[in-house]
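These notes are about the structure you will find just below.
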Amino acid sequence: MTLLVFGLTIVRHGETQYNKDGLLQGQAIDSPLSEIGLRQAEAVGQYLKDVKFSNVFVSDMLRARQTAETIMKHNCSCGLEMVCDPLLKERSFGIAEGRRVQDMRDMAKAAGQSCPDFTPPEGETPEQVKERVKEFLQHMFQRIGADHWHEGGQNETSSSAEPETSPVEGKADDGVRSIPVHVLVVSHGAYIRVAVRYFVEELHCLLPQGSDKAHMFSLCPNTGLCRFILTMRKEDDEVKFSGIRCVFVHRGDHLKQLE
């Protein structure tokens, strides 16, 4: 049995006017980035410009595609295919789309539920979003395995199943300096929150020292970064998940210059 270790950096799209106005977009409202959102995308692109990626997956919604295109415009990884995947699109909020986020909070309170767990009529449940996350991961594993197993695959009996990683120093390449396979995913706030919860609660993701779940499960800021190191194994030519650890979540160092 051989193992493949790779980095996964997840970025939330930049701000839209709906974000600024406190309105829900979901899936029905495919809005572009605002002027601030474009500046955020430029900032995260500059922040990541020297971080090499091997694969790029992005939600097929406009705000995510604009963010991913801006990141890759600045990036040192030349000629990568940007794979648009509808499995990465935002959670559907049903009848609440286009309405105030506060309206959904009020609906959730009236139903005796927390806002992230509440599903408006005609909306997508967190469980349904999680199924999309799981399906995307399977697609990603197969693609990464097909593209890169020859680069990073190693026998499980080797001295270390994961390349030695440098300490987290607040640098753009934290955790992935020695890992040749590195995936960029650009998606949405509610989707990323469900994904992180799935990683922690069901995939038993190892957390950074001193981290707390309240922060882990909070809403990622626009163009915020989350990074994980994943290990896959190959058994009888089938690629399977083996382990995951978190390097950081919701990092927004690049946004300080915009304040």
Side-chain angles (χ1 to χ4, degrees), residues 1-11 48 51-59 77 80-88 126-168 172-187 191-209 211 213 216-217 220 225-249 251:
M1 181 172 71
T2 56
L3 301 175
L4 176 68
V5 176
F6 68 95
L8 171 64
T9 296
I10 305 175
V11 182
L48 293 171
V51 178
K52 193 166 179 61
F53 295 104
S54 56
N55 297 79
V56 182
F57 298 93
V58 57
S59 158
S77 311
L80 288 184
E81 176 192 8
M82 196 172 77
V83 179
C84 291
D85 194 330
L87 290 171
L88 290 169
E127 191 67 27
Q128 288 171 321
V129 179
K130 185 178 74 175
E131 289 305 310
R132 284 201 283 121
V133 170
K134 291 164 68 174
E135 188 175 351
F136 168 73
L137 288 175
Q138 284 304 314
H139 289 185
M140 182 181 71
F141 291 161
Q142 298 306 318
R143 177 67 180 264
I144 299 306
D147 287 356
H148 303 291
W149 205 276
H150 62 284
E151 296 176 29
Q154 55 187 300
N155 196 292
E156 193 179 26
T157 58
S158 62
S159 59
S160 174
E162 183 176 313
E164 185 179 345
T165 54
S166 53
V168 176
D173 62 351
D174 279 343
V176 294
R177 240 157 282 165
S178 59
I179 299 178
V181 182
H182 183 198
V183 180
L184 172 67
V185 168
V186 181
S187 187
Y191 184 96
I192 293 170
R193 176 151 51 187
V194 171
V196 171
R197 184 179 286 272
Y198 171 65
F199 292 169
V200 173
E201 294 184 344
E202 298 190 38
L203 298 186
H204 308 294
C205 178
L206 298 175
L207 306 183
Q209 189 172 7
S211 62
K213 289 186 178 179
M216 292 288 296
F217 299 159
C220 187
L225 297 145
C226 302
R227 181 168 294 156
F228 302 87
I229 306 299
L230 290 88
T231 306
M232 300 187 302
R233 67 184 189 275
K234 185 182 278 188
E235 296 178 358
D236 301 323
D237 288 330
E238 187 176 352
V239 177
K240 296 182 178 180
F241 168 80
S242 186
I244 181 171
R245 69 175 179 85
C246 177
V247 182
F248 56 75
V249 291
R251 180 181 284 184

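Values reported hereafter were calculated over all heavy atoms of this structure, with side chains retained and with hydrogens, waters and symmetry mates removed. Numbering starts at 1 and runs along the sequence shown.
- Ionic pairing of Arg132 and Glu135 is not present here: no N-O contact between side-chain nitrogen and carboxylate oxygen is shorter than 4.0 angstrom.
- Screening Asp174, Thr9, Val176 against Val247 for a side-chain contact (heavy atoms from CB on, under 4.5 Å) leaves a single residue, Asp174.
- Across every non-hydrogen atom of Ile144 and Val181, the tightest pair is CG2-CG1, 3.9 Å.
- Note that CD1 of Ile10 is 8.5 Å distant from OH of Tyr191, once rounded to the nearest 0.5 Å.
- Ring geometry for Phe141 against Phe241 counts as parallel: the plane angle stays under 30°, on a 0 to 90° scale with 60° as the upper cut.
- Note that NZ of Lys52 is 13.5 Å distant from CG of Asp173, once rounded to the nearest 0.5 Å.
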request  = Step by step, work out the side-chain contact (heavy atoms from CB on, under 4.5 Å) result for Leu225 and Leu48.
outcome  = CA-CA 10 Å; Leu225 297 145; Leu48 293 171; 3.7 Å; yes

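- The CE atom of Met82 lies 13.5 Å from the CG atom of Asn55; values are rounded to the nearest 0.5 Å.
- Looking at heavy atoms from C-beta onward, His139 lies out of side-chain contact with Val83 at the 4.5 angstrom threshold.
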task = In sequence, state the C-alpha distance, the side-chain angles, and the governing distance for Cys205 and Met216, and then conclude on side-chain contact (heavy atoms from CB on, under 4.5 Å).
result = CA-CA 11 Å; Cys205 178; Met216 292 288 296; 5.5 Å; no

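- Ser187 approaches Leu88 most closely through the heavy-atom pair OG-O, 2.7 Å.
- Here the closest heavy-atom approach between residue Leu3 and residue Trp149 is recorded as C-CZ2, 3.9 Å.
- Of all heavy-atom pairs between Cys226 and Cys220, the closest is SG-SG, 4.3 Å.
- In this structure, OG on Ser77 lies 9.0 Å from NE2 on His182, to the nearest 0.5 angstrom.
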request  = Could you please spell out the steps behind the side-chain contact (heavy atoms from CB on, under 4.5 Å) verdict for Leu230 and Leu4?
outcome  = CA-CA 8 Å; Leu230 290 88; Leu4 176 68; over 6 Å; no

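- Using a 4.5 Å heavy-atom threshold, the side chains of Met140 and Arg143 count as separate.
- Of the residues listed (Leu206, Val249, Ile244, Leu207), the one engaging Val200 in a side-chain contact (heavy atoms from CB on, under 4.5 Å) is Leu207, and it is the only one.
- Taken to the nearest 0.5 Å, the OG1 atom of Thr2 stands 11.0 Å off from the CZ atom of Arg233.
- Checked for salt-bridge contact, Glu202 and Lys130 meet the test: a charged N lies under 4.0 Å from a carboxylate O.
- Using a 4.5 Å heavy-atom cutoff, the side chains of His148 and Phe6 are not in contact.
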